[in-house]
Undergrad: 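Mind having a look at this structure? Questions to follow.
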Protein chains: 2
Amino acid sequence: MTRTLTPKGEQTRRRIVSGAAAELRERGVDQVRLEDVMARTGTSKSQLFHYFPDGKEGLLLAVVQQEADQVLADQEPYLSNLTSWEVWDRWRDLIVDRYVAQGDQCPLRGLLGDTGRRAPAARAVLTDMMDRWQAAVAAGIRHMQASHEISGNVDAARAAGGLIAGIQGGVLLLGNTGRTEYLESALDLGIDGLKRAT
Amino acid sequence: MTRTLTPKGEQTRRRIVSGAAAELRERGVDQVRLEDVMARTGTSKSQLFHYFPDGKEGLLLAVVQQEADQVLADQEPYLSNLTSWEVWDRWRDLIVDRYVAQGDQCPLRGLLGDTGRRAPAARAVLTDMMDRWQAAVAAGIRHMQASHEISGNVDAARAAGGLIAGIQGGVLLLGNTGRTEYLESALDLGIDGLKRAT
DNA sequence: GCAAAAATGGACCCGCAAGTCCAGTCGATG
DNA sequence: CATCGACTGGACTTGCGGGTCCATTTTTGC
């Protein structure tokens, strides 16, 4: 992939990616111009195309890859240790806090809209992230089932999917309406439902 | 608003709006070109600007207004009569069927993404729709509470918001991954939770 | 220290799509 | 049947923004 990159080149490349990520957060996917990235990172157009021969799409992909990992990492250490209701509640609060603080600055949201139809590669990265996310939550549910705190009748993977859908929708509506209740309530409804599952 | 429109003009205007709506479904908000609408509706650019002096944005707004109402209308007669668990279940199935059939052709999804940041008017129409949607679901919850089939402890408006968030997220993920489980499970998790609420 | 390759600057090209303009036609109304 | 305003056609303008090119400077490896 990267054929020959000197230390200096690698540094510049990183600067471009993180600058593009910031620009993406502020302006949204289909509003970012290469010129914006250039201005913010102090680079020229030829540098952009030097490091990302596929142009905007390639740059976008690099950013998405980085940000997708970040989304999951931001949920630690709770996400990987959903082994008691206390942790579940902390996880819930962490998500709410994170997205409320972030507001409508989600760098990935644009890709989930129909902008992503044009960027299949970026979309694939996101689907992969969703899978990992769902798997982590499902593992938590199974753990709670092992300790008989969630009914064994619950389909862990499916319930995890429902919970994640609620989070996605909640974040989406948070960005559009500015109201946090959607996200909060979706999480509460889902988690409370699991607690009381028969 | 409409100053003088002869019957013929009104017909043309309608043809443009519905053609634009179809184009919107197929290509997505930020991919629709005026030229596409012209081709589909057999109109010229001057006609577009004759009926929509504000250009693309105005046209878009007209379409969104129409489609937003449609979203709610499509959920009838159940949405307005969530007075028994049987109706709730039918409503649930209707939503799943509708969006599965629709696939990723949701004309509004694009607006909910960050494309909507540029179109505040269109976004306002959507927020209004969400409010009406939430109010209808909340009314259903309150009705079930009156007949003691949902606990009085449940905050109806809040729970309705959570449910809608789940639907939104489910539809979003359906469009991206092609999997229906997110939407189905979000609805099940939410409705089952209401059934068992203490 | 010297080729070769990588890194950089910036001018240029090009296509696309929104929006403008004006000339011309149709249709309602007196 | 005359006239005015709504309606239509289509050429033209304009600006934006992604992508290309080449000359120049800097770094690397021998």
Undergrad: Sugar-phosphate means primed atoms, P, OP1 and OP2; the rest is base. With that split, encode nucleotides 18-30 of chain C 5' to 3' as B, S or - using protein heavy atoms under 4.0 Å.
TA: BBBB-----S---
Undergrad: Does this structure show an ion pair linking A:R158 with B:E184, if we count only N-O contacts that are shorter than 4.0 Å?
TA: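 Salt bridge: yes.
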Undergrad: I want to check one thing: is the phosphate of D:dT8, taken as OP1 and OP2, less than 4.0 Å away from some side-chain N or O of B:T12?
TA: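 For D:dT8, OP1/OP2 do have a side-chain N/O of B:T12 under 4.0 Å.
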Undergrad: Touch check for B:F52, heavy atoms < 4.0 angstrom, all strands: base, sugar-phosphate only, or nothing?
TA: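 The residue B:F52 makes no contact with any strand.
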Undergrad: Quick check: are there more than 12 heavy atoms from other residues, nucleotides or ligands sitting under 6.0 Å from CD of A:E26?
TA: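 Atom CD in A:E26 is packed in, count exceeds 12.
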Undergrad: Could you state the atom-to-atom distance from CG of A:L59 to P of D:dG19 in whole Å?
TA: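 It is 10 Å, rounded to the nearest whole Å.
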Undergrad: If you measure from the Lys or Arg side-chain nitrogens to the Asp or Glu carboxylate oxygens, is any gap between B:K195 and B:D89 under 4.0 Å?
TA: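 Between B:D89 and B:K195 there is a salt bridge, with a charged N closer than 4.0 Å to a carboxylate O.
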Undergrad: From the list D:dT8, D:dC7, C:dT8, which nucleotide is the closest neighbour of the side chain of A:Q47?
TA: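 Minimum distance to the A:Q47 side chain belongs to C:dT8.
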Undergrad: Whole-Å distance between C:dA6 P and A:Q11 CD?
TA: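 Rounding to the nearest Å, CD of A:Q11 and P of C:dA6 are 18 Å apart.
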Undergrad: Using a cut-off of strictly less than 4.0 Å, decide whether A:Y51 has a side-chain nitrogen or oxygen near OP1 or OP2 of C:dA6.
TA: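 The answer is no; no side-chain N or O of A:Y51 sits under 4.0 Å from OP1 or OP2.
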Undergrad: May I have the distance from B:M38 (atom CE) to D:dA11 (atom P), rounded to whole angstrom?
TA: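 The distance from CE of B:M38 to P of D:dA11 comes to 11 Å, rounded to the nearest Å.
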Undergrad: Once you measure the plane-to-plane angle for B:W88 and B:W85, does it fall in the parallel (<30°), tilted (30-60°) or perpendicular (>60°) bin?
TA: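 Judged by the thresholds at 30° and 60°, the geometry between B:W88 and B:W85 is tilted.
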Undergrad: Thinking salt bridges, do A:D128 and A:R132 make one under a 4.0 Å N-O criterion?
TA: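 Counted as a salt bridge, because a side-chain N and a carboxylate O are separated by less than 4.0 Å.
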Undergrad: Starting at CG of A:L48 and ending at P of C:dT8, how long is that distance when rounded to a whole Å?
TA: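 About 11 Å, once rounded to whole Å.
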Undergrad: Expressed as a whole number of angstroms, how long is the span from A:E10:CD to D:dT27:P?
TA: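 In whole Å, D:dT27 P and A:E10 CD are 16 Å from each other.
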Undergrad: Rounded to the nearest 0.5 Å, what separation is found between the CG atom of B:L187 and the CZ atom of B:R92?
TA: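 Answer for the CG-CZ pair, B:L187 versus B:R92, is 6.5 Å.
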Undergrad: Using a cut-off of strictly less than 4.0 Å, decide whether B:T4 has a side-chain nitrogen or oxygen near OP1 or OP2 of D:dA6.
TA: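 Checking B:T4 against D:dA6: at least one side-chain N or O falls below 4.0 Å of OP1 or OP2.
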Undergrad: Please determine whether a side-chain nitrogen of the Lys or Arg among B:E67 and B:R25 lies less than 4.0 Å from a carboxylate oxygen of the Asp or Glu.
TA: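 Salt bridge: yes.
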Undergrad: Figure out the NE2/C1' separation between A:H50 and C:dG10, and round it to whole Å.
TA: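 Those two atoms, NE2 and C1', are 16 Å apart.
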